[in-house]
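We use all heavy atoms of the structure for the numbers below, so side chains are in, but hydrogens, waters and symmetry mates are not. Each chain gets a letter, A, B and so on, in the order its sequence line appears, and its residues count up from 1.
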Amino acid sequence: MTRKALEHSLTCINFDMIINHPLLGPRDSEEFVYLGSADLINRPNWESETAIEDFHEYQYIRENVAGDNVELWYHEQGDQSWLVVTRSTLTHEIKSVELASDYAKNNGRSR
Amino acid sequence: MSNYSLTKISALEGARHDFDGLSLTEIVDQSLVMMAMPRNKTDKITKALNSSCGLSIPIIGQSGRSDDDSITLWRLQKDQLMVYFPYANDDADNYLKNKFKAPAYYTDQSDTWAMINVSGEESVNVLERICPLNLDLRTFTVGTVSRTVMEHIGTIIYREGRDSFVILTMRSFGISMMHALEVSAKNVL
Amino acid sequence: MIQINRTNNGLIDQTKELSFTFNGELLKGYEGDTLSSALLANNKRLVGRSFKYHRPRGIFTAGSEEPNAIMEIGLGAYQDPNTRATVTKLYDGLVANSQNHRGPLWFDFMAITDMLSPLLGAGFYYKTFMWPKAFWEKIYEPAIRNSAGLGKLSKQEDPDTYDKGFRHCDILIIGAGASGLSAALVAGSSGAEVILADEDFLMGGRLNSETDEIDGIAGHEWAKNSVEKLKSMGNVRLMPNTTVFGAYDHGIYGAIEERSHESRANKEKPRQVNWRIYTKRTILCTGATERAIAFGNNDRPGIMLAGAVRTYLNRYAVRTGENISIYTNNDDGWRTARDLNDRGVNVVAIIDSRKTEPVINIEGVRVIINADVVNTKGRRALSSIKLSNGATIKTDTLAVSGGWNPNLHLTCHHRGVPRYSDDICSFVPGESVPDGMSVAGSANGTMVLSKAIEEGHNEGTEAARGLGYRVDYTEYAVTPQVEYNISAHWSVESGSNRAWVDLQNDVTAKDIKLANQEGFKSVEHVKRYTTLGMATDQGKTANVLAIGVMSENLGRTIEDTGTTIFRPPYSPVAIGAFAGRRRAKEFYPTRYSPSHKWADEKNAVFVEVGMWYRAQWFPEPGETFWRDSVDREVKQTRSSVGVCDVTTLGKIDIKGSDVSEFLNLIYANAFAKVPIGKTRYGLMLREDGMVMDDGTTARLSENHFVMTTTTANAVNVYRHMQFCHQCLWPDLDVHMISVTEQYAQYAVAGPNSRRLLQKIVDHEFDISNEAFPFMGASEITVCGGTPARLFRISFSGELAYEIAVQTRYGDSLMRAIMEAGNEFDVVAYGTEALGVMRIEKGHAAGPELNGQTSAYDLGMGGMISGKKDFIGYTLGLREDLQRDDRMQMVGFKPVNEQDLIQAGSHLVNLENEPTTENDQGWISSCIYSPILEHYIGLGFIKSGQNRKGDIVRAVNLLKGSDVKVEIVSPHFVDPEGERLRV
């Protein structure tokens, strides 16, 4: 590891982001666990004829977004809610945060 | 009947540490029960809590007290209530179920947590070394409750008075949390 | 011992004398001194040797930008290298030593490198030590490391302690100089929560170094009064000694509070506190740092920045010489001459590079306009300077000012790019500063004091109003307007004399020129090629000067040349401060299980499993080797009964009307119809079809289930289940909570386990085989009415139970079980015996569930339900996951029963060499079976399930073992599972 990289990693270990939790207000990202794209909410239908292809896409194919990324964070050291966070990968600006359960229901996961 | 009988011990065996302006004391006389609120039952639960002991469901991050001040409700998440109350027997969940008569799922959590009271005028100065939350009295008012992480340990913090906090950590972490508080006290005081 | 350079007054307490040593010499200073001011008071002009050429160097600045006066402070393990004397507050007993010389400081044997300097220019290492390659590691690198480098580490563990902390505010004001105080006064008056942080122990910034009047009183008095006023406000927190070193995302700032003076008096106290400050608005009032001008031999002790000369004079009552000259390209340099003259110090000459009228008229001082200093003389300290007009002037101190650079570092921590200002000939903050930050005063390029105060006030007002606070306080301090004019002047043609740009890294104007000529045109490349700006001072006095020199070389504008990227930290931070108190045993917390105290009394040997401490084995008297204990524990359990604390396994309480449906979705095997009072083995897959975890789930009532997970995956499984519920099936009525810690749970295993438990379980509960068969689950009472849960499950393969009581009774239950088991010679067993028995039984665990194994690979394909959707179903059907030649789990035993099989061995066919191409698989778990009396292993081998009886080689090249093993069923003990059903 170069000296600069070491300095960088050392200074980044400690410093996080602030996620504005819809129920709890601003919280340090240290309380959260990151999962990945919110596309994981759109789990395909297992009985579809194209199920294997659909699941392959669902599991492995991700946009590498330079800009707003819609992603899942889990408030593990908090209220244990999964959140859908819209975050710019360029600036770390967080544009919106909502409960994943609401997002899921609005995106067809209700029965 | 079995020929044996069991005796109980608390997580920290009643530990207490005093400093100038600060006391760290294990809380041994309280029980904690989680009430999960099933879908579409919130109204019934609200009514039952109110009629049984004058409790209302607080907003998330806040707490509420019963008429006689003995029962405290902590609202830490959407579909759950934590009930913190003085009770020593082994059936805290059933006791509340019968008392509230509210259609919720009750799960005893009394032994899940080590409970430590941090009190004294130096409380905030000592806690700010490990607690990432803003404990300013105007922000973290008396009655505020929150879950966070301190020294890698998931922790619930409840302000029961201006200079008095209840700190809960998973029971197996209790000794580490007490140690973290003592180190803070030694560093600050 | 007399402080010969000390004058009167100053912002120090001359009634409080402090003693310290420098290179072993006992010296005196005063309360309020820094180490550097005390050294100068004692006329210590030579304080160190330079990094590369071992040139004599003296104190150059009076602040955190210091390139030369870096020292080793403290003794023994407390010794801290590379400490800037200019920011080290003097305390009684301070021990300082100069660095980077062999032999005494005044005669450094390594100074010979200075004569070799023509060989050591830019890129020297890259060019010279390329050949022969083999020489690098053994000869070149050690030699270079020996001769270069700065201070020495003590090579002992750092005995100091460090801490961290968290603070919150509405408005963070960084820097407590004129503009910072002005901002704080108005922001504080609004009622906003304000933190005012300053790296100095005395707030006031440059006001403490200057003679300006504010509101009719001395500037430092005004600063002191303002600080008092702020202290009296309940909503303002002052943080002196605190360097804000980084601007992170969303209003998070890193700050180091220096408390060495306190920790030296009481070693229990932390030396530094690493604060994380959360703020809504930030006002950057960090002031400016002076730069030099590059001219021939401009590095001798006695050549200092002009502003530093004023700081030593006005703040510390120290004259830096007897006959002082000034060399400047701006108005500010003239103030040094004025202040010195006012205090009766002889000013020899003022040399201004500009064609200008005298800025200040000072009686009896020689003024030389439109001239440069081109060379200097003096072996260990300055004795004379030579001017471009040919004149030579005898002088012992040269105060140099090349202008002031705004301290805009923190504006760039989010990749903001500074803008060049012709007005001040330096960079000022650009458009893009971190969200919520504004800049005021000279940090913003506002070099006129009266305007800086106004700007601080305005930014303070705006920040408070922006947050909804009312601001009634509209007055701000007034001071006479003093202009600041400058014309750009970077370097002087100095012929063959070296003109230093970066004093700490020994980079000269010529090095930069050479780099430019060799094609390094980007400022980032020049930095790395010449090492400019890379030392502990990060080029604070050097960088802008170097950019000026570069742009002249390349015929570009300064704007086009640009700056290097500013990254945290602003000034050096000890690694210990990032670790805080998380060192050694406190790297992470420790979890103790309910039987810990009892196990400790029984002399258990503990092992860390994640954060848990678990008993590994329980040595009995006379047992000297760990396996003596483990073999005994296994044999005793299999022949009679053993007890093991399994509390650490994850336990999740699940309630709700849709739990069956939910479990059916997250487990690969059928879960829709588990009867009440039964427990079922559950196999959990990831969505990609690989095994995630396994455990058991019992149904205690219609809507109440309790799940167990492995110890290692307890947190992950709970998180995964929350994901499945909230994100995939949010309508299901399912409520989960971890009850891992609510219950102390013990495995009681062995043919006598039922007889033992019948003494513990209250008699109204029938636990006979008929009433409570294999996979039973029930809520019962024990020991006279204590509520408990009983599960008839087995990991060991024996008749076995797991019994759970509320954790409050955990210690007591363990003692009761051991007492009740006395008549059966009950044994407590630890994680080693647990592991032995699960391998004997052929249960997959952590080494087998490695994230690359499917249920088929583990021989559990038959469990997979084909009639339902579940996590991992579809992708688990992929052809490649079902192929017969995948690595499949089987058992192994040595052909020669005396042979030891090593875990981690790779498997190759008998006729093949042990190479990667021939690799057939590996041994994942391996133990000595005291039942079979030879080693056995579990592992993976291609097409393993069809190769039983084959003989292969198990080779472990690291441990030098190569044994023949036979592929067998993984179920070594009781393969039919008869014992657990009796």
Less than 4.5 Å to any heavy atom of chain B: does that hold for the side chain of [X], its backbone, both, or neither?
X      : value
C:V273 : side chain
C:F765 : neither
C:A744 : neither
C:M611 : side chain
C:I817 : neither
C:D733 : both
C:N266 : neither
C:Q806 : both
C:K597 : side chain

side-chain contact (heavy atoms from CB on, under 4.5 Å), paired with B:L81, selected from B:V33, B:L49, B:L76: B:L49

Residue from B:I71, B:V83, B:D67, B:N50 passing side-chain contact (heavy atoms from CB on, under 4.5 Å) with B:L55: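 With B:L55 as partner, B:I71, B:V83, B:D67, B:N50 yield a single side-chain contact (heavy atoms from CB on, under 4.5 Å), made by B:I71.
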
Please rank [options] by heavy-atom pairs under 4.5 Å with chain C and give me the top one.
options                       : result
B:T7, B:D91, B:I175, B:L133   : B:T7
B:S5, B:P132, B:A180, B:A36   : B:P132
B:I153, B:V183, B:D79, B:L135 : B:V183
B:Q80, B:R39, B:K186, B:M177  : B:R39
B:H152, B:E128, B:M34         : B:E128

Give the ring-plane orientation class for B:Y105 versus C:H735, where under 30° counts as parallel, over 60° as perpendicular and anything between as tilted. tilted

Taking the six-membered ring for Trp, are B:Y95 and B:Y87 parallel (under 30°), tilted (30 to 60°) or perpendicular (over 60°)? parallel

Contact origin within [X] toward chain C - heavy atom pairs under 4.5 Å:
X      : result
B:T139 : neither
B:Q77  : neither
B:I130 : both
B:S10  : neither
B:D136 : side chain
B:L127 : neither
B:N89  : backbone
B:M170 : both
B:M37  : backbone
B:A11  : neither
B:L189 : backbone

Do [X] and [Y] pair up side chain to side chain, a donor and an acceptor below 3.5 Å, judged on atom types alone?
X      : Y      : value
B:S31  : B:D108 : no
C:E258 : C:T242 : no
C:Y588 : C:E608 : yes
C:D653 : C:H704 : yes

Give a yes or no on whether a salt bridge exists between [X] and [Y], defined as a side-chain N under 4.0 angstrom from a carboxylate O.
X      : Y      : result
B:K47  : B:D43  : no
B:E151 : C:R582 : yes
C:E741 : C:R591 : yes
B:D111 : C:R808 : yes
B:R138 : C:D170 : no

Run the salt bridge (Lys or Arg N to Asp or Glu O under 4.0 Å) check on C:R815 and C:D811 step by step: do they pass? CA-CA 7 Å; C:R815 291 171 200 274; C:D811 176 84; 2.8 Å; yes

Taking C:P787, C:G656, C:P594 one by one, which has the highest count of heavy-atom pairs under 4.5 Å against chain B?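 Top count of heavy-atom pairs under 4.5 Å with chain B: C:G656.
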
So which of C:K269, C:E819, C:R581 has the biggest tally of heavy-atom pairs under 4.5 Å with chain B?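 Of the candidates given, the most pairs with chain B belong to C:R581.
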
Is any side-chain heavy atom of C:C169 closer than 4.5 Å to a side-chain heavy atom of C:I277?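 Touching, per the 4.5 Å side-chain cut-off.
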
For C:Y743 versus C:A804, what's the shortest heavy-atom pair and its separation?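 The pair with the smallest heavy-atom distance is CB-CB, 4.0 Å.
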
